[in-house]
Amino acid sequence: MGSGQCMIRVMHTRLVVGITGALITVLLFGQAPKKITRAADVPQFQYSVKGKVEDLVKSEEAFRPFAAQVRKNVESILRDYEVDDASTKRGLFSVLASLDLLEGHDEDARRRLGEIKALEEKPAAKALSGLITGAILEARSSVHDRTSPAYRQAVYAAVKRALDGLPFDIVQNDLKTTKASIEIGSKALVIGQLRAAFDPVVEKTGGLSSDLANALPGVRVMLVERLPLKDTLNEVLGAYLAAHAKEKKDIWTDREVTLAAGKNYQPVNLAVWDSGVDLAIFGDRVVKDASGQPAVRAYDIAARKTTGNLYPLSHEQARRFPQAKKELKGISDLQANVESPEATELRQTMAKLKPEEVRPFMEELSLFSVYAHGTHVAGILTAGNPYARLVTGRLTFDWKMIPDPCPSRAQTDRDAAASQDYVDFFKANHVRVVNMSWGSSVKEVEDGLEKCGIGKDIEERKKTAREWFDVEKNALEKAMLSAPDILFVAAAGNSNADSSFDETIPASLRIPNLLTVGAVDQAGDEAAFTSYGPTVVVDANGYEVESYIPGGDRLKMSGTSMASPNVANLAAKILVVNPKLKPAEVIGIVRQTADKSADGRRNLIDPKKAVAAAGR
């Protein structure tokens, strides 16, 4: 009894000390920092902008007062708030590092780079953090004329020194992506994107919020510091990659499971809740309705019920699709540092783009990427499983830089109702697994409102975005919970951020019949783009995954969109060999047979072990 009383006294002492420490902090230093636990709660500021955004970015005189206000506001967030998210803090420090670089505060820029590096969580990102900016700072310390060959040589040497000794197996994919972005970068591309995505906002609202304004220091760095070094950077990265031409080991081949046809297994119905599927590719593996037609539920861009298993291309879009397939392959090849005719042609095409041609070019690429997306996912979902049967839930994604149509409460309500209708349709068709390679967040709603000029100010947009987002989130959660016998598998997202902090749905939802998936590469290393967080419980290959696109051609794509159907594929195979399992039991098998990485960040699925465990 005495020892118990002693324990109570000790606990009370700790509590008092904690409260006293916080009180002293407030008395001596003012208000304690407010903790931010959601991306939507990061303070926003409005910046008045006159005229074209490109004129602001290109002119040092015009940019200087704008930059001073951005610096003041970013520093106030870091001073007055405790931001509970490494990705958000990296973003804020990156804004300051760009400003320091532009203003010649080189020591401050170096310090910022160190702060960013300390916040990096992925091994490749930490190893490569500040690579190019650090090289620029090093070259500037010894060569003052930034237009001289000596300066370019100094940058080349600094990058080469930084690369030497790095673990190539870890950094190679990120370096390839960096090289690809340098190769296609141009002044016309930057200016074209400003005209397409920033100018319309200024015209409608008279300025920019922090979400857009904070990108402009980096844009100016691109124009005045990095683009003049394009050839130098491309050369040094190309030489390094050529000297280390060694592909990573593929761990997935040994883990694959292909179910043999002709066994005494029952088919399992799977849903691709995505942008549509070219069902002709999948032949007799398509679920039919009572009239003998493919089981398809489709909604258009305005969230109104429609028909068709694929987005209906116009005559001109259909005519352009063969060329677009080459461009999509060119993007994939550039990102993987693969020399191909398609990669060469894409480089040449983008090099010739004029600013006014950027928006239609980028929007068309986005359209065809979305058009191909659902079919690509379906190919991954059904691979190696002759017992898979497809049901299609066709969403229509916006592919334009400025939302069209703009967000509205009426559309929000229609989207919410559609979520339940989709799930009811899946239940009626006896679907066991649904793949969801998509997501949205409250910040994306807010961004759409700003781009459409809806709301009188930031606070009104925040309030409206929260209200509309919660309507959709609650409806989606309710719909999924209404189908406890369906396993939903979701992509974590491609923002390299905590999906829970960002409130990404469905990835951040905590639902017993939902499994959220992060992406790794062929060797099991964490993908640079993959989001993460407490709800992301397993990881699968999402790097250069080959699958079908409409028409039956095959293409490699990267993203958590590709990792998610790899896990849904595994879940389907588990249910083929043991159809009595419930979603929670399937999730348990997938998780228990996964391999945890040494750093604890990744849980790599093992299909061979999982299917064997399910069959026991």
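What's counted below: heavy atoms across the whole structure, side chains too, no hydrogens, waters or symmetry copies.
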**Prompt:** Can you tell me if S441 uses its side chain to pair, donor with acceptor, with the backbone of T504 under 3.5 Å?
**Reply:** no
Donor-acceptor pairs are to be reported for all side-chain atoms of residues 213-220 against protein atoms at under 3.5 Å, with residues two or more places apart or in another chain.
unit_1: R220; atom_1: NH1; unit_2: V57; atom_2: O; d: 2.8
unit_1: R220; atom_1: NH1; unit_2: K58; atom_2: O; d: 3.4

**Request:** Look at the side chain of N566 and the backbone N and O of M562, then say whether any donor-acceptor pair between them is shorter than 3.5 Å.
**Result:** yes
**Message:** For the residue pair K176 / Q172, report whether a side-chain donor-acceptor contact shorter than 3.5 Å exists.
**Reply:** yes
**Asked** Quick one: does E357's side chain have a donor or acceptor within less than 3.5 Å of a partner on K354's backbone?
**Response** yes
**Request:** Show your working on salt bridge (Lys or Arg N to Asp or Glu O under 4.0 Å) between R110 and D100 and close with a plain yes or no.
**Result:** CA-CA 9 Å; R110 288 189 185 92; D100 289 334; over 6 Å; no
**Asked** Going by distance alone, is a donor N or O of one side chain under 3.5 Å from an acceptor N or O of the other, for T593 and D606?
**Response** no
**Request:** Evaluate the ring planes of F488 and W273, with Trp represented by its six-membered ring, and classify them as parallel (under 30°), tilted (30 to 60°) or perpendicular (over 60°).
**Result:** tilted
**Item:** Steps toward side chain to side chain donor-acceptor pair (under 3.5 Å) verdict (Q323, E364)
**Value:** CA-CA 11 Å; Q323 178 60 31; E364 186 181 71; over 6 Å; no
**Under 3.5 Å side-chain donor-acceptor pair for N603 and K596** = yes
**Message:** Between S366 and M362 (side chain of the first, backbone of the second, donor and acceptor by atom type, cut-off under 3.5 Å), is there such a pair?
**Reply:** no
**Prompt:** Can you check whether V257's main-chain N or O pairs, donor with acceptor, with K573's side chain at less than 3.5 Å?
**Reply:** yes
**Donor-acceptor pair between E54 and Q193 side chains, under 3.5 angstrom** = no
**Prompt:** Between F93 and R112, is there a cation-pi geometry (under 6.0 Å to ring centre, at most 45° from the normal)?
**Reply:** no
**Message:** Over 60° means perpendicular and under 30° means parallel, so tell me whether F397 and H373 are parallel, tilted or perpendicular.
**Reply:** perpendicular
**Atom CZ of R347: over 12 foreign heavy atoms under 6.0 Å** = yes
**ring pair (Phe, Tyr, Trp, His ring centres under 6.0 Å) partners of residues 322-346, not counting sequence neighbours, each pair once** = none
**Message:** Regarding T349 and E327, do their side chains bring together a donor and an acceptor under 3.5 Å, going by distance alone?
**Reply:** no
**Request:** Spell out, as yes or no, whether a donor-acceptor pair under 3.5 Å connects the side chain of N435 to the backbone of A568.
**Result:** no
**Message:** Counting only heavy atoms not in Y156 (residues, nucleotides, ligands), do more than 12 fall under 6.0 Å from its OH?
**Reply:** yes
**Asked** Any donor-acceptor pair under 3.5 Å linking the side chain of D278 with the backbone of G551?
**Response** yes
**Prompt:** Do Q335 and S558 pass the side chain to side chain donor-acceptor pair (under 3.5 Å) test, and can you show the C-alpha distance, the side-chain angles, and the key distance before you say yes or no?
**Reply:** CA-CA 9 Å; Q335 290 177 333; S558 297; 5.0 Å; no
**Prompt:** Is a donor on one side and an acceptor on the other found under 3.5 Å between the side chain of S148 and the backbone of D145?
**Reply:** yes
**Residue pairs involving residues 249-259 (criterion salt bridge (Lys or Arg N to Asp or Glu O under 4.0 Å); sequence neighbours excluded)** = R255-D595
**Message:** If you count heavy atoms of other groups shown closer than 6.0 angstrom to NZ of K556, is the number above 12?
**Reply:** no
**Prompt:** Pick from R90, K126, K89: which one makes a salt bridge (charged side-chain N to carboxylate O under 4.0 Å, His left out) with E120?
**Reply:** R90
**Prompt:** Between D599 and S597, do the side chains contain an N or O donor and an N or O acceptor separated by less than 3.5 Å?
**Reply:** yes
**Prompt:** D498: what forms a side chain to side chain donor-acceptor pair (under 3.5 Å) with it, not counting sequence neighbours?
**Reply:** none
**Message:** Could you check whether any side-chain N or O of T516 sits under 3.5 Å from a backbone N or O of A507, counting only pairs where one atom can act as donor and the other as acceptor?
**Reply:** yes
**Asked** Is any NZ, NE, NH1 or NH2 atom of the basic residue among D106 and R140 found under 4.0 Å from an Asp or Glu carboxylate oxygen of the other?
**Response** yes
**Item:** Donor-acceptor under 3.5 Å (S500 side chain, G533 main chain)
**Value:** no
**Prompt:** Is the H244 ring parallel, tilted or perpendicular to the Y240 ring (thresholds 30°, 60°)?
**Reply:** tilted
**Request:** Show your working on side chain to side chain donor-acceptor pair (under 3.5 Å) between N234 and K230 and close with a plain yes or no.
**Result:** CA-CA 6 Å; N234 193 40; K230 175 177 177 175; over 6 Å; no
**Residues forming a side-chain contact (heavy atoms from CB on, under 4.5 Å) with A519, sequence neighbours excluded** = A527, F529, T530, T560, A563
**Item:** Listed partners of P149 passing side-chain contact (heavy atoms from CB on, under 4.5 Å), at least two apart
**Value:** R152, Q153
**Asked** Between R601 and Y532, is NZ or CZ placed under 6.0 angstrom from the six-membered ring centre and within 45° of the ring axis?
**Response** yes
